[in-house]
Undergrad: 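After the structure tokens below, expect a handful of questions from me.
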2 protein chains.
Amino acid sequence: MNDSRPIRAKSGTNHEGTSAHNRRVMIDALRINGALSRADLARATRLTKQTVSNIIEELERDGLVSSQEAVRRGRGQPSTPYGLVPEGAFAIGLQIDRHVTRAVAVDLVGSVLVRDEAGLPPGGPSNGTKVILDLVASVRSKLAGIVQQSEKRLVGLGAAMPGPFGVAGSGDDPWMMETWQKFPLLETLTAGTGLDVGLQNDAAAAATAERMVGAAHGLDHAVCLFVGYGIGAGLILNGELYRGANGNAGEIGMALLFADGKSTPLEHRASLASLYQHLSIDPADPGLYARINDLALRGDQSIHAWVEAAAVDLRWSIHLLETLFDPQTVILCGSAPEALVNRLIAAIGPLLPSIAERRGRTLPRLQPGMADPWSVALGAAAGPISRAFDPRFAAILKDSLQS
Amino acid sequence: MNDSRPIRAKSGTNHEGTSAHNRRVMIDALRINGALSRADLARATRLTKQTVSNIIEELERDGLVSSQEAVRRGRGQPSTPYGLVPEGAFAIGLQIDRHVTRAVAVDLVGSVLVRDEAGLPPGGPSNGTKVILDLVASVRSKLAGIVQQSEKRLVGLGAAMPGPFGVAGSGDDPWMMETWQKFPLLETLTAGTGLDVGLQNDAAAAATAERMVGAAHGLDHAVCLFVGYGIGAGLILNGELYRGANGNAGEIGMALLFADGKSTPLEHRASLASLYQHLSIDPADPGLYARINDLALRGDQSIHAWVEAAAVDLRWSIHLLETLFDPQTVILCGSAPEALVNRLIAAIGPLLPSIAERRGRTLPRLQPGMADPWSVALGAAAGPISRAFDPRFAAILKDSLQS
DNA sequence: CTTATTAAGTCAAGTGTCTTGACTTATTAC
DNA sequence: GTAATAAGTCAAGACACTTGACTTAATAAG
């Protein structure tokens, strides 16, 4: 009876877990509602006034919240609102894309303090690693030049790149990201920066950004359809980013569409890659963004056909995401010029009927999100901040407390 | 500054939440691994031996676990394994389908102790409510006849019916479920039984059943594709059933497929309803199940064409679910005869390429699940048991503790 | 202007649950 | 037979939330 099978169980919790959760709940409440008094916090979180007082005192000592001018709200002692201190924490966000890498430094409330980018040489990680590490170091030192003690308050480095991760020979990827996807990026970045590093795909990063400072702010169920070089969906489910069993959830770009007897991945039909192909543009062109923006603003005919075709696929994608995830809202975002995203949204409507057509909806079914080449890097930075400060089941458990 | 906007915040937690979580973690560990000693539990949950001892003692007093014969495992004092006591808790599961309603009584480990069914008269809730309440009462009294004190250990009533819920005029539903979907079933059942009632769609119930006693046992990320009168997906994400913002997540049957220039919901192409139509069978026929089972077993030609056509759509559905949810496995189940599900699985293979093709997979991408007319009722009953005993984020929070 | 009422926030003691470290018990290895 | 090992208990301790009385500071009412 040599019974050495591993025992699977979820982790238990203890006082520290309780306390960690309550701290996170306070920060979350202040992020969603803006400054609140301790009495407000006590009512909203169902904790006692005393507990809230203790936690707020601690958060204030830690430099995460600060008191504001007292507010008279009728009879009774005026309340003292507390708000998040933007300089309470920082994170570095890193986007690795086909031809370029971008890094930003972001604070606790999601403001971008530093941004910087560099071209990625061809050849994948062997040539790109140094560029990336230099870029991160540069952003980090610029941040240190702007705010004091930034290093002490740096909660981590979030990296974002196109997925999927760890998939057996996707093979037909013509954009050379496969070498990056196979590369031990996490380990390299950890070793090269000494920071706590997280990795997610670009759509997940975009969703994280939308949740922190965008259209998904305060929502617990939102899907971000991200149109970039590829296309993917970032999933906010139950108030947390959903990653799936292997970090590849939401890779809708790999969904196969059947038409005319052949199957094509969505990504080949509705993505900037397909637009570049349609326009016969070199994706490595540095003036790309401005050029597309210009075309979109002018309503150029050359872009029109692509927009119309992509809108058909996107309309269906949105319908499908609504049907499967039942979110409060779908957000269309991208690392594309805003003008292009707006044209897409205009062309997509009206939406297909779906379970999202409910009586008493308050949010629109489809909303524009950030459309900005920096949104992925911002989302990448939002990852560590969310992991460090948002209420999450995992944060309560013992195995997440020490390590 | 009359500032009375509602403040949104997540609930905090306290010692009770900690304790509730740890109890649930113990029960979960025993459910997944079978009987375990306190020392094993302490290692697996990262709690101290002492804490585990206290909790196990309490669970034993509550009749949820019991000690087994001591086991000698080499040097050191023999360990005393503790296992779940099946009679520790019971739940009633109720399935409401088009022409029939089924109820089961289930124990803590998911064994069905009582099962009973009744035909549903046409006319929707106005005629059906009494039938349902009588059925529940009958199952309940039969359970009381089998086990002592069953009423005291009844944790709730789970109901399952085809979704979607609360959707504005789905209109084209030819199966008369719409009147049920609009009916305040939850309130009626609560009032009529005095039990804690939960409601979910049939696919979600099937997934809950698979997680408790089926192919998803111990998995944290699994998708159950449920082929019944309609078709839907039950989602186990992060170890919990995912319901979406409005309880309609996974309603893949409403996904529109485009072919030959027109759009058709998946449900009209791959579901038992479509099979009945294909075979020109009356779905109200009481001998339906046996007849289909017989046809499937014989490999009848009349069923073959439908199987082949449905397999195409199901293959694609599985591909899509893998792509969007990145689960550990997809489970095909149904309220269909097992022989039919097996034929479908055979016809579906080989699967389409997707992100599920990973190096080092241990689980098959597609597995057969329960195919049994009673599986939905079982899953419905599994709902309250899961809510009462599985580790869940919500169970830690203060607002779930008292009410 | 005075007093009652209301609400925010503090104080200090209390309670529940996990943790710690020493100890007991039971078995196998040498 | 003794040492080593592992399960499990005991009792004190630590931690974080709770309780209820109290203080502070404002508005409403007379």
Side-chain angles (χ1 to χ4, degrees), chain A residues 1-4 7 11-26 35-60 65 67-82 396-399 401-402, chain B residues 1-4 7 11-26 35-60 65 67-82 396-399 401-402:
Chain A
M1 206 172 269
N2 182 7
D3 193 353
S4 59
I7 296 171
S11 170
T13 186
N14 59 10
H15 300 143
E16 277 184 78
T18 303
S19 165
H21 172 69
N22 288 344
R23 278 177 61 120
R24 285 166 182 263
V25 166
M26 301 287 161
L36 293 174
S37 71
R38 294 178 237 193
D40 283 338
L41 281 166
R43 278 186 294 265
T45 62
R46 309 237 199 172
L47 292 166
T48 60
K49 285 184 293 179
Q50 186 58 61
T51 299
V52 171
S53 265
N54 293 341
I55 293 174
I56 288 293
E57 190 185 357
E58 192 188 315
L59 290 175
E60 193 168 23
V65 307
S67 62
Q68 306 181 351
E69 194 85 346
V71 175
R72 280 188 280 269
R73 281 196 288 188
R75 208 178 264 194
Q77 177 171 331
S79 61
T80 310
Y82 283 78
I396 292 180
L397 309 186
K398 261 188 108 172
D399 51 14
L401 292 175
Q402 52 278 8
Chain B
M1 209 174 266
N2 182 6
D3 193 353
S4 60
I7 296 172
S11 170
T13 186
N14 59 11
H15 300 146
E16 275 185 79
T18 302
S19 167
H21 172 70
N22 288 343
R23 278 177 61 120
R24 285 166 182 262
V25 166
M26 301 286 161
L36 293 174
S37 70
R38 293 178 241 193
D40 282 338
L41 282 168
R43 279 185 294 265
T45 62
R46 309 237 201 170
L47 293 166
T48 61
K49 285 184 294 180
Q50 186 58 60
T51 299
V52 171
S53 265
N54 293 341
I55 293 173
I56 288 294
E57 191 185 356
E58 192 188 317
L59 291 174
E60 192 168 24
V65 308
S67 62
Q68 304 181 352
E69 195 84 343
V71 175
R72 282 189 279 268
R73 283 197 289 188
R75 205 178 267 194
Q77 177 170 332
S79 62
T80 310
Y82 283 77
I396 292 180
L397 310 184
K398 260 188 111 174
D399 52 14
L401 292 176
Q402 53 276 7

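No hydrogens, no waters, no symmetry mates; every other heavy atom, side chains included, goes into these values. In the text below, chain A, chain B and the rest are named by the order of the sequence lines, each starting its count at 1.
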Undergrad: Answer with base, sugar-phosphate or nothing: what part of the nucleic acid does Arg43(B) contact at a heavy-atom distance below 4.0 Å?
TA: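 The answer is sugar-phosphate, as Arg43(B) gets under 4.0 Å only of primed atoms, P, OP1 or OP2.
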Undergrad: Closer to the 5' end of DNA chain C via nearest nucleotide, is it Asn14(A) or Pro81(A)?
TA: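 In this pair, the answer is Pro81(A).
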Undergrad: Can you give me the closest heavy-atom contact between Leu41(A) and Leu36(A), atom names plus distance?
TA: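 Answer, listing the atom of Leu41(A) first, then Leu36(A): CD2-CD1, 3.8 Å.
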Undergrad: Lys398(A) has a side chain; which of dA26(D), dA4(D), dT19(C) sits nearest to it?
TA: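 My answer, after comparing the listed nucleotides, is dT19(C).
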Undergrad: Rounded off to whole Å, could you give me the CG-to-C1' distance for the Leu47(A) and dT19(D) pair?
TA: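 It works out to 14 Å between those atoms.
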Undergrad: Which one, dA8(C), dA25(D), dC17(D), comes nearest to the side chain of Ala39(A)?
TA: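 The closest nucleotide is dA8(C).
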Undergrad: Heavy-atom distance under 4.5 Å between the side chains of Leu397(A) and Arg46(B), does that happen here?
TA: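 The answer is no; the side chains never approach within 4.5 Å.
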Undergrad: Check whether any side-chain heavy atom of Val65(A) sits under 4.5 Å from a side-chain heavy atom of Met26(A), and report yes or no.
TA: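 SC-SC contact between Val65(A) and Met26(A) ruled out.
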Undergrad: Go ahead and name the base partner of dA7(C); Watson-Crick or wobble counts if both distances stay under 3.5 Å, otherwise write none.
TA: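 Partner of dA7(C): dT24(D).
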Undergrad: Just how far, in rounded Å, is C1' of dA7(D) from CG of Leu41(B)?
TA: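 Atom CG in Leu41(B) sits about 13 Å away from atom C1' in dA7(D).
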Undergrad: Please determine if a side-chain N or O atom of Arg72(A) lies less than 4.0 Å away from the OP1 or OP2 oxygen of dA8(C).
TA: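 Arg72(A) to dA8(C) OP1/OP2: no side-chain N or O under 4.0 Å.
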Undergrad: Report the nucleotide, chosen from dG9(C), dT27(C), dC18(C), that has the shortest atom-to-atom distance to any side-chain atom of Thr18(B).
TA: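 Comparing dG9(C), dT27(C), dC18(C) against the side chain of Thr18(B), the answer is dC18(C).
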Undergrad: Judged by each residue's nearest nucleotide on DNA chain D, which is more toward the 5′ side, Gly76(A) or Thr48(A)?
TA: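 By nearest-heavy-atom nucleotide position, the 5'-most residue is Thr48(A).
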Undergrad: From the options dT27(D), dC17(D), dT9(D), select the nucleotide whose nearest atom is closest to the side chain of Ser53(B).
TA: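 Shortest atom-to-atom distance from the side chain points to dT9(D).
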Undergrad: Counting heavy atoms from C-beta on, name the nucleotide in dT20(C), dA8(C), dC17(D) closest to the side chain of Ser79(A).
TA: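 Of the candidates, dA8(C) comes closest.
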Undergrad: If you look at every heavy atom in Val25(B) and Thr45(B), which pair is closest and at what distance?
TA: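 Looking at all heavy atoms of both residues, the shortest contact is CG1-CG2, 3.4 Å.
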Undergrad: Round to the nearest Å and state the distance from Asn22(A) atom CG to dT18(D) atom C1'.
TA: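 It works out to 13 Å between those atoms.
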Undergrad: Could you work out which one of dA29(C), dC17(D), dT20(C) sits closest to the side chain of Gln50(B)?
TA: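 The answer is dT20(C), which lies nearest to the side chain.
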Undergrad: Need one value for Asn54(A): base, sugar-phosphate or nothing, where a base atom within 4.0 Å counts as base even if backbone is also close, heavy atoms only.
TA: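 If one applies the 4.0 Å heavy-atom cut-off, Asn54(A) turns out to touch nothing in the nucleic acid.
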Undergrad: For a quick check under 3.5 Å, do Asn54(B) and Glu58(B) share a side-chain donor-acceptor pair by atom type?
TA: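 Looking only at side-chain atoms, Glu58(B) and Asn54(B) do not form any donor-acceptor pair under 3.5 Å.
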Undergrad: Among the nucleotides dT24(D), dA26(D), dA26(C), which one has an atom lying closest to any side-chain atom of Gln77(A)?
TA: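 Selected nucleotide (nearest to the side chain): dT24(D).
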Undergrad: In whole Å, what is the span from the CD1 atom of Ile56(B) to the P atom of dG8(D)?
TA: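 Going from CD1 in Ile56(B) over to P in dG8(D) covers 10 Å.
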Undergrad: Grab the CD-C1' distance between Glu69(B) and dA26(C) for me, whole Å please.
TA: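 One finds 15 Å between C1' of dA26(C) and CD of Glu69(B), rounded.
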Undergrad: Taking only the side-chain heavy atoms of Lys49(B) (C-beta and beyond), determine which of dT10(C), dA4(D), dG8(D) contains the nearest atom.
TA: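 Among the listed nucleotides, the one closest to the side chain of Lys49(B) is dG8(D).
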Undergrad: Using whole Å, report how far CD of Glu16(B) lies from P of dT17(C).
TA: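 Rounding to the nearest Å, CD of Glu16(B) and P of dT17(C) are 7 Å apart.
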Undergrad: dT18(D), dT15(C), dA26(D): which one has an atom nearest the side-chain heavy atoms of His15(B)?
TA: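 The answer is dT15(C), which lies nearest to the side chain.
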Undergrad: In whole angstrom, give the distance that lies between atom CD of Glu58(A) and atom P of dA16(D).
TA: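 Rounded to the whole Å, the gap is 8 Å.
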Undergrad: Please check if any side-chain donor atom of Thr80(A) sits under 3.5 Å from a side-chain acceptor atom of Ser67(A), or the reverse.
TA: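 Ser67(A) and Thr80(A) do not have a side-chain donor-acceptor pair below 3.5 Å.
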Undergrad: Heavy atoms under 4.0 Å, any strand shown: does Ser19(A) hit a base, just sugar-phosphate, or nothing?
TA: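 Sugar-phosphate contact only.
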Undergrad: Looking at dC17(D), dC18(C), dA28(D), which one has an atom nearest to any side-chain atom of Thr51(B)?
TA: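 The listed nucleotide nearest to Thr51(B)'s side chain is dC18(C).
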